[in-house]
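Inspection log for the structure reproduced underneath, given as C-alpha cells.
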Amino acid sequence: IAEKSKDSTLREKLAVTPFTRMIIVFKYLDDDTLEAIDNAVKKVNLKALPDIQGSMRSYSLTQDEELSSLQGKMDCISGFMIIDDDQRMVVLEGLAGPGQGMQSVYADLPRTKANDDNLTILCNPEILFPHRLYPAFCPDIRRIRIRNKLKKLARSPEIYNRRQVDELPFKAIDSLISLQWATDMRSTKDFDMFPSAAALNAVELLYGEAITRTDMDGTLKQEFGNHAGTQHAMISSRQRSRESSRSQRDAEAAAAESGKKQRKRDELVPTECRNEEFENYLRTRPLHKVDHIAEQRERRMQAWEEMLHRREEQTFKATQTLANIMGDQYKPGEPVPQVFLYSQQTLNYKALAMSKLREKVSDDHNASYTYSSNFMSQTLAAVDEVEYKKKQEADSKSQWLTKSGFQYPKRRTTKELIAHPMRPTDARIEALKEPFTDLTDKRTFSNSLDPTLKELELKFDMRGKADPIFGTLEPITFEKPFDLTLVGSRTKLPRGYVDPSQLRQKDPNFFRSVHVAGVEQTQIVADAKVKEKEDWAKKVVVEHTDFKVGGYKVRDKPLQNDRAKDILKDEPKRLVLKMLYDRVSHTGKNIGHKPTPVTIMNTGPFVDNAAHTALLRRTDTTKFVTMADLDSADSKAVPEDFIRHIHRDARAPKLVTLLTKAPQYDPPPIDKTGPKWEPAHRS
C-alpha cells in the first residue's frame with residue numbers, strides 16, 4: 001500500500017512538473033566529458049526521432065515536433081552549451097521519471113568524484129520544473145561560442161550601461177555566471193537562474209563568434225600533445241626519450257673518437273649564428289633562371305617614363321584650363337596674369353566662364369542645358385539673375401532719364417496724344433453700355449403718381465422692407481435668381497423686384513397667437529413642454545442619453561492635459577515606473593511623470609494673506625477656558641479668547657507714559673482777576 005501511494009504521488013508530481021534539468025561545468029580541453037555528453041544526448045534523441053534524414057546536427061524540429069516536446073509528449077533532450085577559452089558549461093533538460101530520457105543521461109554521466117574546478121555536475125531528479133525552456137535547441141544542443149571568458153565578460157562595465165547593452169543580454173550573462181557559481185540544483189530553481197532562449201540568442205548576437213570544429217568535437221588534445229593522454233602514454237613517452245638520449249650519447253662518443261663531434265641544434269650556445277644546412281643549400285641550389293634585379297630596374301625605368309608622360313598631360317591640361325579661364329589675357333610663355341578665386345570678387349574666373357557659357361546657350365530657345373539629367377538643380381540657367389536685375393533697374397531709370405538731361409513731364413506717346421482729353425475711363429465706358437433704367441417708373445407699389453410717395457421710394461434700401469413682407473401667406477418670389485456680381489450695384493438689384501400681388505396676400509390667422517398672453521396661457525405652454533419631454537423620455541430605450549466611449553464623454557477637441565491620460569491612468573506597478581512617477585532632479589526640480597494639474601491657480605477657499613496666515617497658530621474655540629462659564633442653554637454664545645490683565649503702558653518707554661489724559665484745570669470766576677484775565681485794549 002505504501003509503494004502504491006508513493007507511485008501515485010510521483011505520478012501526480014510528474015503530471016504537474018514533468019521536466020528536470022542538469023548542469024555540467026568542465027574545462028575546455030576535457031574532451032572525454034564532452035564526448036560522453038554528446039553520446040548521452042544522441043542516445044536519447046535518436047530513440048525519440050528514429051527517422052532523421054542526415055546528421056542530427058543538421059536536423060531541426062518541425063512545428064508539431066516542437067509543440068510535442070513542449071507539452072511533454074516527446075521524450076527528447078534539449079539544452080545549450082556556452083563555450084569560452086577556459087570552460088564549457090552545458091545545461092540539459094528533458095522528461096523526468098523512471099525510464100525517461102533524463103534518467104538515461106544520469107546513468108551515462110555518473111559523478112565519479114566530488115565537484116571541483118575541473119568538473120562540476122549538478123543534478124537532482126527530485127527538482128522538477130513545469131515547463132521546457134529550450135524546445136528549439138533540439139535534437140542537437142545549441143552551442144554558443146563567446147569571444148572572451150565568461151568571468152571577464154560578467155565583470156565588464158559595459159553590460160551595466162543600458163545604452164550599450166540591452167536588459168535581455170544582461171540578464172542572460174547574469175544568469176550564466178550564477179549557474180557557473182551554483183552549488184546545488186535547488187538554489188538554481190529557487191532563484192530562477194536559467195536564462196531564456198531569446199536571451200541566449202541576444203548574447204550570441206552581441207558577444208558570440210564563429211564556432212569551429214574544435215569547439216564542437218573537442219580535438220585540441222591532438223594539438224596539445226599528451227595533455228589528455230593516459231598514464232601509460234606518459235610512461236611510454238618517457239622510455240622513448242631515455243632510449244633516444246642513450247643512443248645520442250653513444251653517437252657523440254663515436255664522433256669524439258673519430259674527431260668529428262656532432263652537436264644537436266638545441267644544444268648550441270645562444271651566440272651561435274651559423275647554420276650548416278642553410279650554407280649547404282646556398283652552395284648546392286640551382287642557378288637563378290630569372291634576374292629579379294634587372295627586372296626591377298626595368299620596371300623602375302618604365303614607371304619613370306609613365307610619370308613623365310602623366311606630368312606632360314597635366315601641364316597641357318593646366319595650360320588649356322588657364323587659356324579657357326583667362327581668354328585673350330593668357331599667352332603661353334609669358335607670366336600668368338592674376339586669377340581671382342573667391343566668389344565675392346567681381347572678376348571671379350568661374351563667374352566669367354559661366355557668363356560666357358550663358359551667352360553661348362542663350363540663343364538656343366528649343367533646348368535646356370544641364371550638368372546632370374537626374375537632378376533639376378544642375379540645370380544651367382540661361383539668364384544671370386543678378387545681371388538681369390541690374391538691367392531691369394537700368395531700364396527703369398532710363399524711362400525717366402534722358403541722355404540730354406532731366407525732363408519733366410515725360411513725353412507722351414502717340415496714343416496719348418491722339419486721345420480726347422475728356423475721354424472716360426474703360427470702366428466707365430463698360431458701365432455706359434448698359435441700358436438706362438428710370439427708378440421712379442418701376443419702383444412703385446401702387447398706381448398713384450403722388451410726388452411725395454415717389455420721393456420716398458427713391459430713397460430705397462438694398463435690404464427688403466420688413467413691414468410689407470412680414471405676415472405674408474406664402475414665401476415671396478423675385479424676378480430672377482440671386483446674382484452675386486450685382487451686389488453693391490447702384491442700378492440693379494441682385495434678385496430683382498418683388499411681385500406686388502404677393503405682398504397683398506395676408507394670412508388672417510397669423511396675428512392671433514401674438515396677442516394671447518396671461519398666466520394661464522404661460523402655464524399651458526410650460527405644461528406642454530414638460531409633457532413633450534416626458535413623452536420623448538418614454539420612447540428612449542437606452543440607459544443613458546449621452547454617447548460615451550470607454551465611460552468618458554467624447555470631446556470635439558481633446559484637452560492638452562489628457563495627452564498622457566491613457567498611459568498615466570492608474571498607479572504604476574513596476575519599480576522603475578514608480579521611481580519615474582515621483583522623480584526629482586538633483587536641483588530639486590520635479591521631473592516626474594504625474595498627470596498635469598488642471599490649473600496652476602489654487603482651487604481651495606479664499607484666504608486673505610495666505611502666506612502670513614499659514615505662519616499663525618489656528619484658534620481652537622473648544623479649548624478656551626471660558627467655555628465653562630457659558631450658559632449651556634444659549635447655543636449662540638461665543639467663548640472669549642485668552643484675556644490678558646496687563647496694563648497697556650507696562651513695557652512702554654517712560655517718555656510715552658508722561659502723557660496724561662487728565663482734563664485741564666478751570667479756576668473759578670473769583671480767581672480770574674488781574675491783567676492776564678482782562679481783555680486786551682487796542683491802541
Side-chain angles (χ1 to χ4, degrees), residues 365 376 381 383 385 388-389 392-393 395-396 399-400 409-517 525 528-529 532-533 536 545-547 549 553-560:
H365 302 287
M376 196 68 180
V383 179
E385 296 180 0
Y388 184 72
K389 188 175 181 180
Q392 281 185 335
E393 292 177 356
D395 294 342
S396 177
Q399 293 180 1
W400 51 272
K410 183 183 175 182
R411 281 187 177 184
R412 292 186 294 175
T413 61
T414 305
K415 184 178 180 181
E416 293 175 348
L417 289 173
I418 63 176
H420 193 277
M422 301 298 291
R423 180 181 180 273
T425 60
D426 295 339
R428 181 60 178 165
I429 292 172
E430 290 293 331
L432 292 174
K433 290 180 180 180
E434 297 182 2
F436 176 74
T437 304
D438 189 2
L439 300 178
T440 59
D441 295 339
K442 292 188 177 181
R443 282 283 295 159
T444 57
F445 296 103
S446 64
N447 296 327
S448 175
L449 298 178
D450 187 2
T452 305
L453 180 61
K454 288 184 178 182
E455 184 179 359
L456 293 174
E457 290 176 352
L458 284 174
K459 300 178 181 180
F460 68 94
D461 192 358
M462 295 300 297
R463 294 177 295 180
K465 299 294 183 179
D467 294 339
I469 298 176
F470 181 74
T472 55
L473 185 59
E474 296 179 357
I476 60 174
T477 57
F478 297 88
E479 293 179 350
K480 57 182 180 180
F482 179 78
D483 188 1
L484 184 61
T485 58
L486 297 178
V487 174
S489 176
R490 295 177 179 273
T491 57
K492 292 185 178 182
L493 294 174
R495 294 184 294 183
Y497 301 106
V498 181
D499 187 4
S501 61
Q502 291 184 347
L503 300 178
R504 301 189 186 95
Q505 297 178 5
K506 306 293 183 179
D507 187 0
N509 299 324
F510 188 80
F511 293 98
R512 288 187 178 181
S513 61
V514 176
H515 304 285
V516 177
V525 174
K529 289 183 178 180
E532 184 180 359
K533 291 182 179 179
W536 183 84
T545 57
D546 52 346
F547 179 69
V549 177
K553 273 190 176 181
V554 179
R555 296 177 176 270
D556 295 336
K557 293 182 179 179
L559 297 175
Q560 289 296 323

* Over 12 non-hydrogen atoms of neighbours within 6.0 angstrom of CZ in F482 -> yes

* Asked: Can you tell me if CD on E385 sees more than 12 non-hydrogen neighbours from other groups inside 6.0 Å?
  ->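 Counting other residues, nucleotides and ligands, CD of E385 stays at 12 neighbours or fewer.
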
* Asked: For the side chain of E416 and the backbone of T413, is there at least one donor-acceptor N/O pair under 3.5 Å apart?
  ->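 Present.
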
Does [X] reach the side chain of [Y], with side-chain heavy atoms less than 4.5 Å apart?
X    : Y    : result
E479 : V498 : no
K480 : L486 : yes
L493 : F478 : no

* **Pairing of E532 and K529 as salt bridge, 4.0 angstrom limit** =>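 The answer is no: the pair does not qualify as a salt bridge.
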
* Derivation and outcome, side-chain contact (heavy atoms from CB on, under 4.5 Å), residues R423 and I429 -> CA-CA 9 Å; R423 180 181 180 273; I429 292 172; 3.9 Å; yes

